Amino acid sequence: METVETQEPPPAPLDPTLAPILLFNYGRGGADPEEEGDDGARLVYSIPKRRLLLAGEVDLLIDDVNWITPHGWMLTLDPATRVTCLRDPFASSRAFPLPPDTGGLLAGSDETRCVMSTPTPVDPGCVVLVIHRADPVLCYCRPGGTRWYRHEYAPELLIDGDPNNRGRAYIVEAVYGLTAAGDGRFHAHFPCDSKLATLAFSPTAAGPPALSSSHFCYTRLCDRRMLLVEVKKLELAKSVFVKVTELGDNRAFFVRRGQFGAWMAAYELGLKPNCIYFTNSNDKGLYVYDMEQGTTSLHNPGQDVPDSMQPILLMPVSL
């Protein structure tokens, strides 16, 4: 059983040698951050080292509004000034300013998520995209640009049959599968209607994204209980998913439900290749599915973390 280490001073907050990590918004005083004894510390669980540590001075991750991207970068929004920025959570020196959200377009809640079209903010054609999960709304900007833009799309463009099918559940499921292609475009899959959609942004900052779609095969899994794990690779040329038995040489995959999925090198981070690491809603546990063995194991971050406390997953950024 992993426990909080108190015999020696903890490393610097968000020490990169501990990454990837699970960050628990939890004070020393107990599950309630208002309890006596809470000094603002947070619990950090190092996945490769299997250690639970006390980490302070991470108010930026708590007080500001934050989105974690699949590339590891963190979009932060200061609610008071509406200043936005892309940051490396493991290196304070790597921060890239974005246009201020003067129009109040960004909503910091569980109803939004963020992706980037390229691995780093300095890549040509990079677009930072914030998706509203409950409404058909996209907010986006370009690093080095002057403003955020809002685009509302018509869900009926992606739905066969009833054009009035604009239900909340459809929008939520549509966003879960959104991934950045790394080529200036975004690809999203829509489980409700077996569609693959492509978002292509105009080279001009104000140009609205073009939306197109095509059919593809997709198998839905139970969201409440993990009954089966299947891994499929998207072949864009054919717009189909192909079942695979491995992730590739020296590769692991991280999934934070409702947040993102990320594919990364395994050995460099002290992880086991061909494994899928994932978390569940209202659950502190880290689950690891071994594709070679076909088994799933549970890592308990420690008895000091309440069972129902879902962590934030932070990974090294793409460079």
Side-chain angles (χ1 to χ4, degrees), residues 14 16 19-20 60-61 64-78 83-101 105-133 137-151 153 174-189 196-211 234 236 253-265 312-319:
L14 305 186
L60 177 66
L61 297 176
D64 287 356
V65 178
N66 304 277
W67 293 264
I68 310 299
T69 73
H71 291 108
W73 295 95
M74 180 177 62
L75 170 62
T76 64
L77 166 68
D78 186 324
V83 169
T84 65
C85 183
L86 281 174
R87 300 178 183 273
D88 178 351
F90 295 95
S92 58
S93 61
R94 283 200 290 266
F96 296 87
L98 297 175
D101 179 30
L105 303 180
L106 303 181
S109 71
D110 291 338
E111 301 298 343
T112 56
R113 62 175 302 193
C114 178
V115 289
M116 297 165 55
S117 63
T118 60
T120 71
V122 296
D123 292 331
C126 179
V127 174
V128 181
L129 177 64
V130 175
I131 309 101
H132 288 247
R133 296 166 57 191
V137 175
L138 307 174
C139 297
Y140 62 96
C141 76
R142 297 179 184 274
T146 59
R147 55 172 292 190
W148 284 85
Y149 296 90
R150 183 183 187 276
H151 174 74
Y153 61 92
V175 174
Y176 276 138
L178 193 63
T179 57
D183 57 1
R185 297 179 298 164
F186 298 90
H187 301 287
H189 61 78
L196 172 68
T198 300
L199 285 171
F201 284 79
S202 168
T204 61
L211 184 64
L234 174 61
L236 289 175
F253 196 77
F254 276 80
V255 179
R256 205 282 199 178
R257 181 168 294 177
Q259 189 179 30
F260 57 74
W263 188 60
M264 63 184 64
I312 299 172
L313 174 61
L314 296 179
M315 306 167 299
V317 302
S318 302
L319 295 174

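Values in this document were obtained by computation on a predicted structure and should not be read as measured data. Along the sequence shown, residues carry numbers from 1.
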Taking C-beta and beyond as the side chain, do [X] and [Y] meet within less than 4.5 Å on heavy atoms?
| X | Y | value |
| --- | --- | --- |
| I131 | V115 | yes |
| L105 | Y149 | no |
| L86 | L98 | yes |
| C126 | T120 | no |
| T118 | P124 | no |

Might you point out which heavy atoms bring [X] and [Y] nearest each other, and give the distance in Å?
| X | Y | value |
| --- | --- | --- |
| P16 | F90 | CA-CD2, 3.7 Å |
| P121 | F96 | CG-CD1, 3.7 Å |
| G72 | P89 | O-CD, 3.5 Å |

Value rounded to 0.5 Å, distance of [atom1] in [X] from [atom2] in [Y]:
| X | Y | atom1 | atom2 | answer |
| --- | --- | --- | --- | --- |
| L129 | C141 | CG | SG | 9.5 Å |
| R142 | W148 | CZ | CH2 | 12.0 Å |
| M116 | T69 | CE | OG1 | 5.5 Å |
| H71 | M264 | NE2 | CE | 10.5 Å |
| I68 | R113 | CD1 | CZ | 12.0 Å |
| D101 | L106 | CG | CG | 4.0 Å |

Suppose we screen for salt bridge (charged side-chain N to carboxylate O under 4.0 Å, His left out). Which residues come up paired with R150, at least two apart in sequence or across chains?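 If we apply the salt bridge (charged side-chain N to carboxylate O under 4.0 Å, His left out) test to R150, skipping adjacent residues, the hits are E152.
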Side-chain ([X]) to main-chain ([Y]) donor-acceptor, under 3.5 angstrom:
| X | Y | answer |
| --- | --- | --- |
| T112 | V130 | no |
| W73 | A95 | no |
| T84 | P99 | yes |

